[in-house]
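Worksheet: the structure to be examined is printed underneath.
Reckoned from all heavy atoms, side chains included, excluding hydrogens, waters and symmetry mates.
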Amino acid sequence: MKTKLLNRIISIFTLVLNICYSSNAQDEKDSGKNLPKEEDYYEIQTIQIPESIELGVGGMTFTPNGKLAVSTRRGEVWMISNPYQLGGTPPNFKLFAQGLHEPLGLAYKNGFFYVSQRPELTRLKDVDGDGMADEYKTVYPFDIMGNYHEYAYGPRFDAEGNMIVTLNLAWGSGRMESLSKWHGWMLKITEGGEMKPFATGMRSPAAFGLNAEGDVFYAENQGGWIGSGYITAVEEGDFISHPAGLRWSDEVKSPVKLKPSDIPDSGKPQFEIAKGTPGMKAPSVWIPHAFMGVSTSDIVLDTTGEIGPFKNQLFVGDQGQSLINRVYLEKIRGVYQGAVFPFRSGFSSGVFRLAWGSEGGLFVGMTSRGWGSVGNEKFGLQKLSWNGKMPFEIKAIRAKSDGFELEFTQPVDEITARNPESYVLRTFTYKYHSIYGSPMINEAVPDLKAIDVSEDKMYVRLVFDEIREGYIHEIEAKGIKSLLDKYPLLHKTAYYTLNRIPSGDFLILSEKNKLATKATVTKTMEEGKKKNIAKGQANKTLPKTVSFEEVQALLRKHACVACHKTDEKAVGPSFIDISSRKYSTERIMELIYKPEPENWPEYATPMPRMRNVPADSAEKIAQWINTLKK
């Protein structure tokens, strides 16, 4: 508490200094120097792991005495004392359990650890008090066929004290299948072992958590029937996305009545399909693939505001891009929707599990074995802390009948906030079909009609000529600056999933807020993509050979290394294998923007379109790949 109070005092003092000296420093800030970065607010501290321990994190939880328990993909559970490394003393690791089958979740309650391993939900207890588990008791067995992809996740306790578990689909015959009973489902299991199937439509439901109201949300990853990653609220009897689990809807316990034949494979947007398919639910918040992540992982709720000015928002990990995103939720006409924002990148491995520390901070458990990640370590354990300084961010985005309201963490500069060129809005969605992933479809750029700034300058209202129900709205506030120090936003872009448009909440237009003419502030994404390619082809000044040191940052920034390694196979072919095809630089650029999965039939996961990669970056990556030719 003393540390938090000191940080608050420092933050207030810093704010006063900013007011006093902002005018003197403005020229330097406007020139792009010394602009705030994520690490200026959020510190990542690495927890020391003994060299003899391969801590590929599968599950993570704190105990009442402040110890951090970690289950690993190797089948162990470790008890970590002094995870905060107080006094500069390294943490102590003690083996608590072993011999488990890839446990991908861990929970603690009333002296027991509960862990989901491939064949069962297991209860662990240290009976004789020697610090090691003596009792391994089956709470509930899972059906399995032995397929490598039949992961089991959890448990996590819900508001009623039930344990939530999800079962992954298997991979076989070139597609995801439910080979074993209840795979592709979310289950609820009591401590006494009574199981109730809760919902289905899951493909790879690696994580789930509760929001402030106690409702369950789960995280999904791109794949067949899943155009992009997302999080969504789950209620009993829901069908979410992937139809493989509907194989078991005839079972007596099933609360879902849909059949696989009820699900059309038309390629229309999922929101439209759900309208005509009773019991089917569209995602609450899409997390656009490659723009915001590639492999959505754990979900945790901030109930304290210890990690920033975002109390009661969700924090969502991404394993492939080694980062954490932030999600603001609201409920409109009984349906959850909201916005996803970037939060903190730069973790050392793939972010897989998150746990609030017993004494503050967010602990981040990581793994990359077999899955690939931007962070190049095979595993890791780090702690994320907020230093109390106030970042200039979009705190929340709320849907209105005619557009959106943006709430900020600091007052905005009214001149930049009222400038229509400060904003870009794009809308798009994904195909719902059995093919792996989806391009963005039905893209549009609405016209901006009005801008209204609140009296306290903490809110900006944007009115557009059209907002689209069922669509993702990319909102970029690229030109807004803060009132006090004229800094730009720490993160300028967010994605709002608009499942329901509020009714009767229109802005009264006036001479002050109404724009003289409608402002179309950008071209469509498809036009932008063509422009990028043309720009890259026309640019003759870039070097023809590019070193690995030059390109390494680009490969990480654009998540290339989440799927590709230099000289070995991963999720996709190695860069050396790609170079052996002897593509031209221009051809590699084309394949970055529009991949052709049929060129690599031996790989199960097709590459998505990477239209977020700027042309100069794509050209450098392509040139570097071509330096690997033998």
Tell me whether the count of non-hydrogen atoms from other residues, nucleotides or ligands lying under 6.0 Å of NZ in Lys67 goes above 12. no

For a 4.5 angstrom cut-off between non-hydrogen side-chain atoms, does Ile441 reach Pro269? yes

In terms of ring plane angle, is the pair Phe315 and Trp356 parallel, tilted or perpendicular, where the classes change at 30° and 60°? perpendicular

Run Tyr230 and Tyr430 through ring pair (Phe, Tyr, Trp, His ring centres under 6.0 Å) and show every step you take. CA-CA 12 Å; Tyr230 58 72; Tyr430 298 103; 9.9 Å; no

Arg326 to Phe310 six-membered ring, cation-pi geometry met (6.0 Å, 45°): yes

Mind telling me whether Phe217 and Tyr336 have parallel, tilted or perpendicular rings, with 30° and 60° as the class edges? perpendicular

Between Trp600 and Glu602, do the side chains contain a donor N or O and an acceptor N or O under 3.5 Å apart? no

Measure the spacing between OG of Ser228 and CD1 of Ile472 and express it to the nearest 0.5 Å. 6.5 Å

Testing the basics here: between Phe392 and Thr409, what is the closest heavy-atom pair and its distance to 0.1 Å? CA-OG1, 3.5 Å

Can Gln270 and Ser241 be said to form a side-chain hydrogen bond (donor to acceptor under 3.5 Å, both in side chains), step by step? CA-CA 8 Å; Gln270 185 173 346; Ser241 292; 3.1 Å; yes

Walk me through whether His473 and Phe404 qualify under ring pair (Phe, Tyr, Trp, His ring centres under 6.0 Å). CA-CA 10 Å; His473 292 65; Phe404 298 93; 5.3 Å; yes

Heavy-atom closest pair, residues Gly75 and Pro103: CA-CD, 3.6 Å

Using a distance-only test with no angle check, is there a side-chain donor-acceptor pair under 3.5 angstrom linking Asn599 and Glu596? yes

Shortest non-hydrogen contact from Ala152 to Leu104? O-CB, 3.5 Å

Rounded at 0.5 Å granularity, tell me how far OG in Ser284 sits from CG in Leu329. 7.0 Å

Checking Arg73 against Trp371: charged group under 6.0 Å from the ring centre and within 45 degrees of the axis? yes

Where do His564 and Phe575 land on the ring pair (Phe, Tyr, Trp, His ring centres under 6.0 Å) test, with the steps shown first? CA-CA 7 Å; His564 303 281; Phe575 292 121; 5.5 Å; yes

Heavy atoms, side chains only, cut-off 4.5 Å: are Val316 and Ile287 in contact? yes

Give a yes or no on whether Glu235 atom CD has more than 12 heavy-atom contacts from other residues, nucleotides or ligands under 6.0 Å away. no

CG (Leu384) and CD (Glu38) are apart, to the nearest 0.5 Å, by 9.5 Å

Centroid separation under 6.0 Å, is that true for the rings of Phe343 and Tyr42? yes

Hey, could you give me the CG/CZ distance between Leu68 and Phe93, rounded to the nearest 0.5 Å? 8.0 Å

Judged by modelled atom types alone, do Gln382 and Thr46 share a side-chain donor-acceptor pair under 3.5 Å? yes

Do Phe198 and Trp185 have ring centroids that are under 6.0 Å from one another? no

Run the numbers on Gln313 and Asp302 for side chain to side chain contact (heavy atoms under 4.5 Å, CB included), then give the verdict. CA-CA 6 Å; Gln313 295 193 20; Asp302 181 8; 5.8 Å; no

Could you check Arg118 against Glu150 for salt bridge (charged side-chain N to carboxylate O under 4.0 Å, His left out), going step by step and ending with a plain yes or no? CA-CA 7 Å; Arg118 291 289 184 98; Glu150 289 185 309; over 6 Å; no

Quick one: pull up NE2 in His289 and CG in Asp318 and give me the separation to the nearest 0.5 Å. 9.0 Å

Side chains of Tyr218 and Met202, heavy atoms from C-beta outward: is any pair under 4.5 Å? yes

Point-to-point distance, once rounded to the nearest 0.5 Å, from CG of Leu210 to OG1 of Thr303: 11.5 Å

Report yes or no: does Ser71 contribute a side-chain atom to a donor-acceptor pair with the main-chain N or O of Gly59 at less than 3.5 Å? yes

What pair of heavy atoms forms the shortest contact from Ile226 to His242, and how long is it? CD1-N, 4.4 Å

Will you find, in the side chains of Thr232 and Glu220, an N or O donor that is under 3.5 Å from an N or O acceptor? no

Give the C-alpha distance, both sets of side-chain angles, the deciding distance and a yes or no for side chain to side chain contact (heavy atoms under 4.5 Å, CB included) between Val364 and Leu354. CA-CA 5 Å; Val364 182; Leu354 305 172; 3.9 Å; yes

For Gln337 and Ala399, the nearest pair of non-hydrogen atoms, with its separation, is NE2-CB, 3.7 Å

Could you check whether Glu476 pairs with Lys492 (Lys NZ or Arg NE/NH1/NH2 to Asp/Glu carboxylate O, under 4.0 Å)? no

Glu102 side chain to Tyr151 side chain, donor-acceptor N/O pair below 3.5 angstrom: no

Can you check whether Phe428 reaches Pro288 side chain to side chain, under 4.5 Å on heavy atoms? yes

How about Arg353 and Ser297: does a side-chain donor come under 3.5 Å of a side-chain acceptor? no

Looking at every non-hydrogen atom in both residues, tell me the closest pair between Ala339 and Val285 and how far apart they are. C-CG1, 4.2 Å

Evaluate the side chain to side chain contact (heavy atoms under 4.5 Å, CB included) criterion for residues Leu167 and Leu187: first the C-alpha distance (whole Å), next the side-chain angles of each, then the deciding distance (0.1 Å), finally the verdict. CA-CA 8 Å; Leu167 302 179; Leu187 313 177; 3.9 Å; yes

Take Tyr108 and Phe113 through the test ring pair (Phe, Tyr, Trp, His ring centres under 6.0 Å) and record every step on the way to the result. CA-CA 5 Å; Tyr108 179 88; Phe113 285 99; 4.9 Å; yes

Are side-chain N/O atoms of Arg398 and Tyr328 paired as donor and acceptor at under 3.5 Å? yes

Would you please say whether a donor-acceptor pair under 3.5 Å links the side chains of Asn168 and Tyr153? yes

Distance to the ring centre below 6.0 angstrom and angle to the axis at most 45 degrees; does that hold for Lys395 and Phe408? no

Are Tyr471 and Glu469 close enough that a side-chain donor and a side-chain acceptor fall under 3.5 Å? no

Mind telling me whether Phe363 and Tyr84 have parallel, tilted or perpendicular rings, with 30° and 60° as the class edges? perpendicular

Do other residues, nucleotides or ligands put more than 12 heavy atoms under 6.0 Å from the NZ atom of Lys431? no

Between Phe142 and Val165, is the side chain to side chain contact (heavy atoms under 4.5 Å, CB included) condition met? List the steps. CA-CA 11 Å; Phe142 307 135; Val165 169; 3.8 Å; yes

